[in-house]
Amino acid sequence: MKILVINAGSSSLKYQVFDMDTGAVIAKGLCDRIGVDGVVTLKRPGKDPYKANVPLGTHDDAIALVLKLLVDPELGVLADISEIGAVGHRFAHGGELKESTILGEKEKAYLASIVGINPLHGPPALKGLDACEKLLPGIPQVGVFDTSFYSRMPASSYVYALPYEYYETYKIRRYGFHGTSHRYVSMKAAEYLQKDLSELKMITCHLGNGSSISAIDGGVCVDTSMGFTPQEGLPMGTRSGTIDPTIVTYLMKQLSLTPDEMDDILNRKSGLLGVSGISPDCREVMIAEKEGNERAHLAMEILYHNIVKIIGAYAAEMDGLDVLVFTAGIGENDAVVRSEICRRLGFLGVEIDDEKNLSTPRGQFCDMSVPGAAVTTLSLPTDEEYMIALDTYRLAQA
Ligand code: ADP
């Protein structure tokens, strides 16, 4: 069966087609600048990439173009569109939906009802779904939610110590994000160790532009660093991560800031960019650090400090740690960051062969633990789309 995976943003739409008989990606690409002008790309293994400027007014136009390209006699990878057995849609926020599901009217209405707490990702994901329903009628549409991985966290992890009515009435709680990535790498790490997830205490670090850490005890995620929104937890490229909440009200009063201006500071002007004054990109901050820039050095130290603090807290929560996983842009590619973190975690039993770590090519799997280390430390490339395809395939078959 072929599965189409869609990840729709406000003006872009990423797609991948998986052949589930082999697990291979047979086509993938991006529709970009939707509603502006329109660009489409298509990549197929072993063939030249294709790129074209095509007017894309709406998400419907983008999906229609993708389907047309997939069956194009020259460029396509499918003989007929009916080869697509199901479509998997990435939803960053599933609210209280506890697992991936086939999207019927009830689920769609629920997802539409929670766009208020998911204003950036919710509306475009629903548009992508609408377009697929129109253009691929009768084919199962599956929703895979980044938040559902956290649905079994204990209430002590997800209820904030605010008046309880805000949880009950406004659903103010920790939802967690990047769940599809944490779920994928935890599954892969267990496969590599040839153990069942139920036997392992694992901490997975998704470190990219947005970063989060999850504690997975026996296959159940028991805590995660992102919260009501992806703002909580670690400092990120441009996000502050956790700060004293009173700073927000204090600054708003002192500088007469509107809520939107305050949001902008917290989401787009903070993090690595805010402290270093150089860039949100870890690579650029590290170059400046090497050249002796003190604020770049401080920005990286704040990042390491917070990562180590959360890993330590999660090991305490789980009463131990068997596996530590690094993934995403920084986690998969930056051996220096991994090295800096691991050398501060010796007390937990994290011991890595730094030569092996530093010589692993970017983006490749690596077990960097020294033989006999109490904790297995892995660098493991994430693949959220494959996880979405797997869930979609399972639900479509059922
Ligand atoms: P997003 O959260 O937008 O998906 P990514 O997972 O792509 O982000 O991560 C982006 C971060 O990864 C940036 O800080 C960038 O510096 C870092 N990164 C990407 N590639 C490399 C690399 N080859 N070496 C070091 N860091 C990298």
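Start at 1 and go down the list; that is how both ligands and their atoms are numbered. Fair warning: this is a prediction, and the values are worked out from it, not measured in the lab. For this chain, numbers begin at 1 and follow the sequence in order.
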Crowded around Lys356 NZ? As in, over 12 foreign heavy atoms under 6.0 Å? yes

Any ion pair linking Glu332 and Arg362 (charged N to carboxylate O, less than 4.0 Å)? no

Side-chain donor-acceptor pair under 3.5 Å between Asp32 and Ser12, yes or no? no

Ring-ring centroid check Tyr175 Tyr158, cutoff 6.0 Å: no

Identified salt bridge (Lys or Arg N to Asp or Glu O under 4.0 Å) partner of Lys201 from the options Asp322, Asp217, Asp223: Asp217

Check each protein residue for a heavy atom under 4.0 Å from ligand 1 and list those that pass, ordered by chain and number. Gly208, Asn209, Gly210, Asp281, Cys282, Arg283, Ala328, Gly329, Ile330, Asn333, Asp334, Arg362

So does Lys108 pair up with Glu133, basic N to acidic O under 4.0 Å? yes

